[in-house]
Amino acid sequence: MKEIVILNPNRVVFGEGSMQRFVGDFVEKGFKRLFLLSITELSHALVPFLNTLTSQGVEIVIDESIVGEPTFDDFNKTLEKAIAFNADSVVGIGGGSVLDVAKLVAAQLKNTQTLDEIKGIGNLKERQIYVACIPTTSGTGSEVSPNAIFVNELGEKVGIISPFLVPDAAYIDPVLTVSLPKSITAATGIDALTHCLEAYTNKFAHPFVDLYALEGVRLIAKYLKRACDNGSDLEARAQVALGSMYGGMCLGPVNTAAVHALSYPLGVEYHIPHGLSNALLLPYVMEYNIETDASKYERIAEVLGAEKKATSKETALEGVKIMKQLIADCGLPLTLSEAGVKEESIPQLAEGAIKVQRLLKNNIREIAVEDAVAIYQSAF
């Protein structure tokens, strides 16, 4: 069996009340200058927790400037604030964008490497500042992953992936996701499901990660519609959050593949949110890959609840139907045209996707430019 390296936070706390646990843990560690990245929607809800911290002598600077997928310019401005404050700790409370920025700010506060030197896989060599992540969406899994994704000056998505971006601690409290709108619940949930599905069907899949991947697919597929239909359904919120965490645990050792690679240009060209981009492409990449290896997708179909058919391919295709139905049931569009994508931009999208070789190399079926064009057309 091939080697695999599993890097998770030293402390993972999951369940209702995790925010209170975070406060106690933070006070115990003795940090006194907290740089907190958060979102305006949480301002009121965080007051009692922040009051407890300040009563213990913790000075806090709150930054709520990250409102979309972060650019490197956004990051640099945020880092300058953290440096000016002389932070001794960083905490991110929000969606994946906020968590990604928080992780990189912590890494770069005392780092001698430049931003250009750390871009890519394995180039970041140190992090001296404590960082904890507390997600408010069940989507990216950034709270347990070594990944941070940013948009460069050309509008392209660039990954910084390093063991030093795995947070010191993650606190996943499903209560924080209750206020999420249905559309964001749906899109981030499908994103998390895609992390799991692409890890299991990956060229570099591993039995250790398969456990997380398959259970993540099962949980999200079973509970996402409930979470979308009733945002206050805490059981559904918790199960989707757990599946999302499993997806994040898949990202370091295995990572994603063609769905994510093809989704990136949709964000660049049309500013379609990342989770929705994945939802628009997932069933069509599944159909494309089934032609090469139906067995993996047969297992996915079984986890999704498909009845076994005469052949692996037939069963796998039943899984695609169930996936399309789930996406539709959650209120998301099923085609690129519904999302406002113009057919004449498909060649440009394909050219953009083919550049994301760090993910395409993981796909079980090779994808050239003409293949990317065909997938976009099938999704149109």
Side-chain angles (χ1 to χ4, degrees), residues 14-16 94-96 99 135-145 172-201 210-251 256 259-260 263 272-286 297 299-306 316 318-335 338-339 379:
F14 184 95
E16 295 176 49
L99 303 189
T136 59
T137 65
S138 299
T140 69
S142 181
E143 70 275 8
V144 293
S145 86
I172 300 97
D173 193 333
V175 173
L176 294 179
T177 69
V178 164
S179 61
L180 272 184
K182 177 178 178 177
S183 60
I184 298 178
T185 299
T188 55
I190 296 296
D191 184 24
L193 191 155
T194 304
H195 293 156
C196 298
L197 187 149
E198 289 207 282
Y200 182 73
T201 58
D210 289 350
L211 294 170
Y212 294 116
L214 286 173
E215 182 63 1
V217 169
R218 186 189 73 81
L219 288 173
I220 298 169
K222 181 176 180 179
Y223 289 98
L224 183 58
K225 183 179 183 298
R226 270 179 55 180
C228 289
D229 290 346
N230 177 11
S232 298
D233 185 336
L234 265 180
E235 181 191 10
R237 289 288 192 185
Q239 298 291 358
V240 173
L242 187 58
S244 175
M245 186 183 76
Y246 289 157
M249 289 176 170
C250 294
L251 289 178
T256 56
V259 177
H260 275 71
S263 80
I272 297 174
H274 174 65
L276 176 55
S277 296
N278 281 335
L280 290 167
L281 290 164
L282 175 57
Y284 308 100
V285 174
M286 290 172 70
Y297 287 91
R299 183 72 184 106
I300 290 290
E302 291 170 352
V303 170
L304 291 173
E318 281 298 307
V320 176
K321 290 180 184 177
I322 293 172
M323 187 65 71
K324 287 182 178 179
Q325 190 62 55
L326 174 63
I327 292 167
D329 286 346
C330 291
L332 298 176
L334 274 172
T335 64
E338 288 179 75

Look at the side chain of T194 and the backbone N and O of I190, then say whether any donor-acceptor pair between them is shorter than 3.5 Å. yes
Return yes if a side-chain donor-acceptor contact under 3.5 Å exists between R237 and T185, otherwise no. yes
Determine which pairs satisfy ring-ring contact (aromatic ring centres under 6.0 Å, His included) with at least one residue from residues 172-200, sequence neighbours left out, and list them in order. H195-H260
Under the side chain to side chain contact (heavy atoms under 4.5 Å, CB included) test, residues paired with E318 that sit two or more places apart: A306, K309, K321
With side chains defined as the heavy atoms from C-beta onward, is the minimum distance between L251 and S142 less than 4.5 Å? no
Nearest-0.5 Å distance, CG of residue L280 to CG of residue L334: 8.0 Å
Atom pair OG1 (T136) and CD1 (I172), whose distance is rounded to the nearest 0.5 Å: 12.0 Å
If you round to the nearest 0.5 Å, how far is CG of D233 from SG of C228? 11.0 Å
Checking the side chain of E198 only, and the main-chain atoms of V259 only, is there a donor and an acceptor separated by less than 3.5 Å? yes
Go through the structure and list residues passing side chain to side chain contact (heavy atoms under 4.5 Å, CB included) with A238, not counting sequence neighbours. P174
Out of curiosity, L332 CG to K182 NZ, how far, rounded to the nearest 0.5 Å? 8.5 Å
Residues in side chain to side chain contact (heavy atoms under 4.5 Å, CB included) with S183, at least two apart? P181
Salt bridge (Lys or Arg N to Asp or Glu O under 4.0 Å) partners of E16, counting only residues at least two apart: none
Which value, rounded to the nearest 0.5 Å, describes the distance between Y284 atom OH and T335 atom OG1? 6.0 Å
Residues two or more places apart in sequence or in another chain: which of them pass side chain to side chain donor-acceptor pair (under 3.5 Å) with K225? D229
Does the side chain of L193 come within less than 4.5 Å of L224's, by heavy atoms? no
